[in-house]
K.L.:
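The structure under discussion is supplied below as structure tokens; questions concerning it will follow.
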2 protein chains.
Amino acid sequence: MASIKDVAELAGVSRATVSRVLNETGQIKEATRDRVHAAMKKLNYRPNPLARSLATSSSNTVGLVVTSYRGSFFSELMAEVQEEMDQQGKFLLVSRGKRSRESEQLALQRLTDMRCDGLILHARNLYDEELIELAQQETPFILLDRQVEGLEDRCIAFEHAEAGKLAVEHLIQHGHQKIACLAGPRERLTARLRFQGYEQALREHHIDLDESLVAEADYDRQGGYQAMAEILERHPDITAVYSCSEEMCVGAFDLFREQNMTVPGDISVISFDSVSICTMLTPAVTTVHFPIKEMAAKASSALSSLMNHQPLRKLDTFKPELRQRESVRTLK
Amino acid sequence: MASIKDVAELAGVSRATVSRVLNETGQIKEATRDRVHAAMKKLNYRPNPLARSLATSSSNTVGLVVTSYRGSFFSELMAEVQEEMDQQGKFLLVSRGKRSRESEQLALQRLTDMRCDGLILHARNLYDEELIELAQQETPFILLDRQVEGLEDRCIAFEHAEAGKLAVEHLIQHGHQKIACLAGPRERLTARLRFQGYEQALREHHIDLDESLVAEADYDRQGGYQAMAEILERHPDITAVYSCSEEMCVGAFDLFREQNMTVPGDISVISFDSVSICTMLTPAVTTVHFPIKEMAAKASSALSSLMNHQPLRKLDTFKPELRQRESVRTLK
DNA sequence: TTGTAGGCGTTATCAT
DNA sequence: ATGATAACGCCTACAA
């Protein structure tokens, strides 16, 4: 690989000059600039980004921390971020923090070690304090789908509880009383919030919470299947289900099919969704929409602003939206 | 950020010594090793990977080139690669080459500029020659879902044509003759191959190819919907469809639902699949399986072998597999 | 066992 | 307008 030195020699100038034409900094005579360009072409020269980063302690790179690569949800999230960064000419580094705080710390460290110019964190397990501490450092970052006090201006938030309540109320308004809940893993804050929405809706409508109507799963299809099976075993007479994720909803449908249950004839279904898997099911299921795509886009553009030292337009939290389809029937 | 120099000073040794304990190279007295470790702890020292890479021209990193982030297919691919690399303690850099050769070149360049220790390329548009040229360089790489002459030992291949033929034959054996084809974009080799499978099956069974039974789409849901609509407009009497991607299949189902067509009553469906979206549809659709997950895993482990200078076990190409479900009915 | 010093490919500060 | 030269943080002969 040709280095700046080779270019300098071939062009008969100093490395400093080459660097200047490279970065279009300072004044250079057109003649020499041309010579340098020619040399670069001839040697097929590409600046070494590592050396560059080392020298400037910046990298033309932004880092993204996610918790998984699996599933359309993260696909969509990454794709959206990538697109913005393409426009900004930034290289995107993605790092996965699995399910633990340690692992997220590691993911974050790697990215900061790489001297990213900015970060987008979809971090579920880092402590608020760590984040606040991170905010002392100078590299800008945005928190995706998270709310931490004192960092409001960096948070792209969503009202999960509100959304859950909206969904369950929809069911109640259609006459349902015995409503099952496919809940997400209790360790996750957002899962707890979605569950709280369920609780609130019931409470406000004076329906007692029956824990045996709730089953927890890992947000995935298989888990949804099992959770649904458990509940149905205990309560064959439920008239509706509220699913806290699309994948779990698919799992529930797997079971329904197996048991020849029809939706919404035998059971009504409402679910969270973000990537419209729910519209692939038959019948298309009514959902509350978690707009991860728009949120990711917002996070990206907000980060871009930060990196360009532009003032941050106020970040408003995203609101849930009910998408009525064909999976809820009204009970007389 | 503390640097090696700070550690050295605090521990009262030279930077070289610190480097030695860091890399566990050479002999060091236990006492000093401890002092160094203590110093590192105290300063919360983490070696700068950029500097390291610059010095060693390696990076403990592997690069992955894909064509998109969108959809479960790439999710699965990335997740699988990531998992292997986690085990190897390698950091994964992913770069997206959109739809052009130039863009793939760029993606590849970025990765090599970053001095990746190895590469996995799911590159659709790079020329064979470029790949062969790349093979002259010393950084090892594996080609995922691609076959290029002279690089056989680096190719993880799949018999797309074979798979397509298998699918269409299945339809024919069930008595179908008027079979539509939802084809992928003609620019893509694998899409062409999948279409060739269609042609071959027809030919071998003495059915004339009718171009108006074929419509091309971009492998996506919306495209599948439209393509299916076009064909159906021209030929309301088809009895079966062969879809070259899961997403297009979903799109076709969207249309069927809209037109109150029932599967397999009104029309039989067979599709390619890799991430079992097809099992979410009702009825579950029969597919030929493209095992991207296993292939990605294989690519990863093969690359690991290469990077560890282990001999490469022979790479056998993956075979298609028919997954019978409920979307094909036999015509009398 | 440990230290010295040069190099990796850039940028950036002085000079000139 | 251009050239020395010292960083950037680490590795690695070569010496001691």
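Throughout, protein chains are lettered first and strands after them, A, B, ... in sequence-line order, and every chain is numbered starting at 1.
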K.L.:
Could you list all N or O pairs between the protein and nucleotides 12-16 of chain D that sit under 3.5 Å apart?
P.N.:
none

K.L.:
In whole angstrom, what separates K5(A)'s NZ from dG3(D)'s C1'?
P.N.:
16 Å

K.L.:
Rounding to a whole Å, what distance do you find between M40(B):CE and dG9(D):C1'?
P.N.:
15 Å

K.L.:
Scan I28(A) against the nucleic acid and name what it touches under 4.0 Å (heavy atoms): base, sugar-phosphate only, or nothing.
P.N.:
sugar-phosphate

K.L.:
Looking at every strand, decide which applies to S57(B) at a 4.0 Å heavy-atom threshold: base, sugar-phosphate, or nothing.
P.N.:
nothing

K.L.:
Got more than 12 heavy atoms from elsewhere within 6.0 Å of CD, E30(A)?
P.N.:
no

K.L.:
Could you tell me whether R33(A) contacts a base, only the sugar-phosphate backbone, or nothing, with contacts defined as non-hydrogen atoms closer than 4.0 Å?
P.N.:
nothing

K.L.:
Look at the rings of F73(B) and F290(B) and say which category their plane angle falls in: under 30° parallel, 30 to 60° tilted, over 60° perpendicular.
P.N.:
parallel

K.L.:
Does a side chain donor of either N60(B) or R115(B) reach within less than 3.5 Å of an acceptor in the other side chain?
P.N.:
no

K.L.:
Is V13(B) touching bases, backbone alone, or none of the nucleic acid, heavy atoms closer than 4.0 Å?
P.N.:
sugar-phosphate

K.L.:
Does dG9(C) have its OP1 or OP2 closer than 4.0 Å to a side-chain nitrogen or oxygen of R52(A)?
P.N.:
no

K.L.:
Find the bend of the helix from dT1(C)-dA16(D) to dT16(C)-dA1(D) as the angle between its two terminal axes (five pairs each), to the nearest 10°.
P.N.:
40°

K.L.:
For F91(A), does the six-membered ring have the charged nitrogen or CZ of R110(B) within the cation-pi criterion, i.e. under 6.0 angstrom from the centroid and within 45° of the normal?
P.N.:
no

K.L.:
Which is it for R46(B) and T112(A) under the side-chain contact (heavy atoms from CB on, under 4.5 Å) test, yes or no, and what are the steps along the way?
P.N.:
CA-CA 11 Å; R46(B) 293 202 309 272; T112(A) 59; 3.5 Å; yes

K.L.:
From the options dG3(C), dT2(D), dC10(D), select the nucleotide whose nearest atom is closest to the side chain of Y45(B).
P.N.:
dC10(D)

K.L.:
Please check if any side-chain donor atom of S301(B) sits under 3.5 Å from a side-chain acceptor atom of E84(B), or the reverse.
P.N.:
no

